[in-house]
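Counting starts at 1 for both ligands and their atoms, in listed order. None of these values were measured; they are calculated from a predicted model.
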Amino acid sequence: MTDITRRQFGKVAAATAALAGVSLPEFSLGQQPPVSRQFPPDFVWGCATAAYQIEGGVHEGGRGASIWDVFSHTPGKTYNGDTGDLADDSYHLYKEDVRLLKNLGVGAYRMSIAWSRIFPNGTGQPSAAGLDYYKRMLDELQQNGITPYVTLFHWDLPAALAGGWQSRATALAFADYAGYVARQLSDHVRHFMTTNEFACFTDLSYQIGQFAPGLKLPAAEVNQVRHHGILAHGLGVQAIRANAPAAQVGLAENAKVCVPVIEDRANMEAARRATREENAPFLTTLLEGAYPDSYLEREAANAPHVEPGDMKAIGSPLDFVGLNVYTPTYVRADGSARGYAIEPYPASYPKMASPWLYIGPECIYWAVRNVCEIWNPRAVYITENGCSAADGLTAEGRIEDTDRVMYLRNHLTNLQRAAAEGFPVKGYFLWSLMDNFEWADGYSKRFGIHYVDYKTLKRTPKLSAEWYREVIARNAVV
Ligand code: NOJ
């Protein structure tokens, strides 16, 4: 720390005294955020989690196994052999988790339902005990004035479904499950998301082999898996609408966020083109109701087999598009036929604790803007944004995650810009309410704004939780 000399101190004191007589705008006294940092009055603030990452209780309430149980118990698949067997034990501690939400002052909670708690075998006989767990959870939220936003599929596919996403029958089974849950929970839930992050449960899982079920299939089979994923989404939308007509329906997608390297006309146009192309098999197709020609040409003989009626289902209109936003893809205009090039990250580009988590806060602005300018959705939510950090406890047991606050504050500054420019961004869900099972990274990466001691399961608010509470209270970037 720098020592302040007596002379410097004298100067500072004199300047402060001089300022005392000056009347400053109210916000600079820390009373009110400047209008330029304010979010719209009805903006929804929330936190997000997913079933397998927090629940534990894998053998309780008649739950069937999911492919993540199988995968995480296979030696060498997750960091340290970590599994979701216990996770944060939210299956038992859910009331405590609702208290955390309440203390933050959030109006909404994005959670997911474990398909294999509802249908232990993926199809067939539903389990009343599984549904009851979620009803208890939803009652608790309701009593605390917190609106649930429910994801129906966050990667924990019932292990009993033969062939997993390689089988078209899985998409049909998803629609049955989605319709059943929508009907059973329509009293409690007004916002449903079908699926979470297509590329993760298709490409990472069936092409790269990094996620469950850990396969490395050739391109044609991967494209078919992708097709079954978006078909499940589309059939799911139809099933939810048929069973819960008052519900708002969308999805949560980690669209690749194409950010113009320079904010000028040519690069902005390149980023828009790139957004369509880079998201071709997923968001582009379901928002346009057709595979882009460029994708079909590129994949040629490996293109997916499509049955009559599939594209109509896949293109079912949505009430909102949910975007999970973490990291930018920088794009510039070039003279090529497709009109853009992707910039590689220089070696010194800053990252958060996960190796893929490059920091580029303007990505949240461009995520909203590009999606709105290309497809004009009715509403957009940020269904996830957040970061891993190397959280440690101070001697007093605090977690001073100033790096996470930096990450979040800069993203919200850019999201506020999107809202102020009139894009229909309606809400923001911070990933995550608390540290949890980070898939193949096990418990080695912490994304929570509450610290979880995995020995005692004690939850402790980090500095970022305090900061987020203030953001919510003032409905502004602070
Ligand atoms: C996306 C996923 O939806 C979530 O499950 C994951 O934990 C976070 N991103 C962080 O990687």
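- Aromatic ring orientation, Y358 versus Y345: parallel (interplanar angle below 30°, classes split at 30° and 60°).
- Remark: aromatic rings of Y94 and Y91 are distant, center separation not under 6.0 Å.
- Within 4.0 Å of ligand 1, contacts by protein heavy atoms are made from Q53, H154, W155, N196, E197, N324, Y326, W356, E384, W431, E438, W439, F447.
- Ring geometry for Y330 versus Y349: interplanar angle of 30 to 60°, hence tilted.
- Using bins of under 30°, 30° to 60° and over 60° for the plane-to-plane angle, the ring pair F39/F43 lands in the tilted bin.
- Scanning both residues, R117 and G56, for their nearest heavy atoms gives NH2-O, 2.9 Å.
- Using modelled atom types, one side-chain atom of R459 and one backbone atom of D88 make a donor-acceptor pair closer than 3.5 Å.
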